[in-house]
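Comments concern the structure below.
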There are 2 protein chains.
Amino acid sequence: MSDAPTTMAQVARLAGVSTATVSHVINQTRKLSPATEARVRSAIAELAYIPDPSARSLRAGSSDVVGVAMPAISNPYLATFVHELEEALAAVGKSMLLADTHDDPEVEVKAVRDLIARRLGGLVLAPSGTPDYAIELGRRYAVPLVMIDLMQERDDCDQIVVESVEAVEKVTAHLIDKGHRRIGMVSGLPGIRTTDQRTAGYRLAHERAGLPLDAALSPSGRSSRAGGRAAADALLDLADPPTALVTGNNAMTIGSLEAIKARGLTVPGDVAMVCFDDFDWAELFEPQLTAIAPQVTLHARRVVEMLGRRTEDPSMPAQHETLTPKIMHRNSCGCDPTTAVPL
Amino acid sequence: MSDAPTTMAQVARLAGVSTATVSHVINQTRKLSPATEARVRSAIAELAYIPDPSARSLRAGSSDVVGVAMPAISNPYLATFVHELEEALAAVGKSMLLADTHDDPEVEVKAVRDLIARRLGGLVLAPSGTPDYAIELGRRYAVPLVMIDLMQERDDCDQIVVESVEAVEKVTAHLIDKGHRRIGMVSGLPGIRTTDQRTAGYRLAHERAGLPLDAALSPSGRSSRAGGRAAADALLDLADPPTALVTGNNAMTIGSLEAIKARGLTVPGDVAMVCFDDFDWAELFEPQLTAIAPQVTLHARRVVEMLGRRTEDPSMPAQHETLTPKIMHRNSCGCDPTTAVPL
DNA sequence: TTGTACGCGTTATCAA
DNA sequence: TTGATAACGCGTACAA
């Protein structure tokens, strides 16, 4: 019962051919007489032979596994993204090695080193801080690298990002239009790219409207539910609390709602809300969140395509793609979605 | 710049020792003079050497990567589980190779074959159908295997499952107690273990209450949002539609709500609801879903522990563990959570 | 049309 | 205290 795994040599022996022939049958890399090919195939079937990917990738210096390093899989948006990525990768015969960087640059470095050392067939990274080390390692190990959510003008890495500044500016301006003068921003730790982009949009809206910026109105914390809860708590405890909130990501949106609920306040009655990252169930529950919705499926597909192109031509110039998110105008901002205009 | 990856041989050369010595330094598997050890370490640092996992696992016949095959990562509950699993694995220095079986036994077979062929350090499987093939392959390749959501009396594989029959019975009985006589069950395709368990609980409650079972009241479909939508549509289109719904999983809950909303009906006013799988934001939105909540974090930890034990002692008898889910009594069943008793 | 034989980077066995 | 060297399973250049 407890046979060791079948090897190519065993298949070869059973089929009465050399291992080279077996290899060629498997990879369709040489014309063979139908007779031998048939013999080999039946031997493969009989022994339930499966090639050893370790040996393969040792030999080849790369593999069909794509590494994915994300700041937080628990974040519903990223979970969806990961799912879509898995699907898109599976469609081209690739597998996914998943690592969570916990939104921590140090953990990220470790994870990326680990992933790249595996001489993977690619790496998808949502970098927290400066990803120079990743770019260098990727080059060194010849691992195609695609950054998401980076949004930086650098010509030495492929990026596919979601436009954030304008989007956040737009929803913030909407709140201002509706008469809000003290708007809070619940966002992640500064220094992390996505956070900085979103905060920039928030500030931009204020500048354009000639509204003063109150530092107390944009506390920051970890991009987690707890972080969002804490930041929103701080905002609501202000002597002059905000009448509206902009949240920087999915997890923090939930945390903020928690803080609001805990005070017995309602949305949008007491506090209006607008958030980055959509929930796919958003229209089924009250309040229905007005949200900036990145196009996840598209994003994932583009990443896989990019990885493919980069793999084919490692020397092509770095590619940058920007995806424009949709804005889902619902009722948490205080509008009636049935009559409201698109933002 | 574009140096090839550093190999152990290069480190050995720079340090003026043999590869054997380098290997021993890395694995702490032999006492060496402090002097040589220091030389080796500095060579490793200077060349930024990282051992090649492919070579290692080729040599060792196993690796520190654990495969995870799930029916649908998009399912919020499983996404959380995957996340917790990643965390628990990372804590013991293991990585996660993720595959989505799309709730399809055929895809599952392919995925599991692929995963096991990699001579992984373990495999966590949520099987759709009969997992005999997986058990046999796992044994053959000496890959420790842990099944989740299987719930079957078989002594040839480790399982950690969430009790489902009693839990579903309980929430269904609650609906009956509240006066509902036509209760619909939205569940996955028959033949899939989790589905069958949950349907059994639904039936059991009816039997115990002496209520007749109407086959039209338990349509089934894919365990997806669309599947839930379709099944709920069918139920609500009935001449004598149900006044309450039990949903079999996370995704189908969302689909069912979609169907309800589309008809302008409300929960729990027009249709009461009770569902399997909790949402971590459930208390923040209306309706607040009364839900059966598996203890995800605990589940994930137990799986990793089990994997560890099995790895240490491959010959120990198969282990079975059953986790009891919590029932979160909220308002979608028609109760007032502030005064309601625990179920 | 097919086979031989080497090497990918490690680790473990043996020897020094 | 350390080194040579033979595997691990596969793909491919070279030969036949």
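Below, chain A is the first sequence line, B the second, and so on; all start at residue 1.
Checked for salt-bridge contact, A:Arg301 and A:Glu305 miss the test: no charged N lies under 4.0 Å from a carboxylate O. A salt bridge links A:Asp114 with A:Arg118: the distance from a Lys NZ or Arg NE/NH1/NH2 to an Asp or Glu carboxylate oxygen falls below 4.0 Å.
Residue B:Lys31 contributes atom NZ, which lies 17 Å from atom P of D:dG3 at whole-angstrom precision. Atom C1' of nucleotide C:dT11 and atom OH of B:Tyr49 are separated by 11 Å, given to the nearest angstrom. The CD1-C1' distance, from B:Ile50 to C:dT10, rounds to 15 Å in whole Å. Taking atom CE of residue A:Met8 and atom P of nucleotide D:dC8, one finds them 14 Å apart after rounding to whole Å. Atom P of nucleotide D:dC8 and atom OH of B:Tyr141 are separated by 16 Å, given to the nearest angstrom. In this structure, CD of B:Glu37 is placed 13 Å from C1' of D:dT1, rounded to the nearest angstrom. Residue A:Leu58 contributes atom CG, which lies 14 Å from atom C1' of D:dT12 at whole-angstrom precision. Counting to the nearest Å, the C1' atom of D:dA7 and the CG atom of A:Asp52 are 14 Å from each other.
Of the candidate nucleotides C:dT10, D:dG9, D:dG3, C:dT10 has the atom lying nearest to any side-chain atom of B:Thr7.
Look at A:Arg59 and you won't find any side-chain N or O under 4.0 angstrom from OP1 or OP2 of D:dG9. Residue A:Ser33 has a polar side-chain atom (N or O) positioned under 4.0 Å from OP1 or OP2 of C:dT2. Taking only side-chain nitrogens and oxygens, A:Ser18 never comes nearer than 4.0 Å to OP1 or OP2 of C:dT2. OP1 or OP2 of D:dT2 lies within a sub-4.0 Å distance of a side-chain N or O belonging to B:Thr36. OP1 or OP2 of D:dG3 has at least one side-chain nitrogen or oxygen of B:Thr21 nearer than 4.0 Å.
Checked by distance alone, A:Arg30 brings a side-chain donor or acceptor within 3.5 Å of a matching partner on the base of C:dG3. For B:Arg56 against C:dT11, a side-chain-to-base donor-acceptor contact under 3.5 Å is absent.
Nearer the 5' end of DNA chain C, as judged by each residue's closest nucleotide, is the contact made by A:Ala55, out of A:Ala55 and B:Ile26. Position along DNA chain D of the nearest nucleotide to B:Pro34 versus A:Ala60 favours B:Pro34 as the more 5'-ward residue.
Among the heavy atoms of the strands, none lies under 4.0 Å from B:His24. Note on A:Val17: only backbone sugar-phosphate atoms sit closer than 4.0 angstrom, heavy atoms only; bases stay farther off.
The heavy-atom pair separating A:Val304 from A:Ala88 by the smallest distance is CG2-CB, 3.5 Å.
Using modelled atom types and a 3.5 Å distance limit, the side chains of A:Glu108 and A:His102 yield no donor-acceptor pair. A side-chain donor from one of B:Arg140 and A:Thr6 sits under 3.5 Å from a side-chain acceptor of the other.
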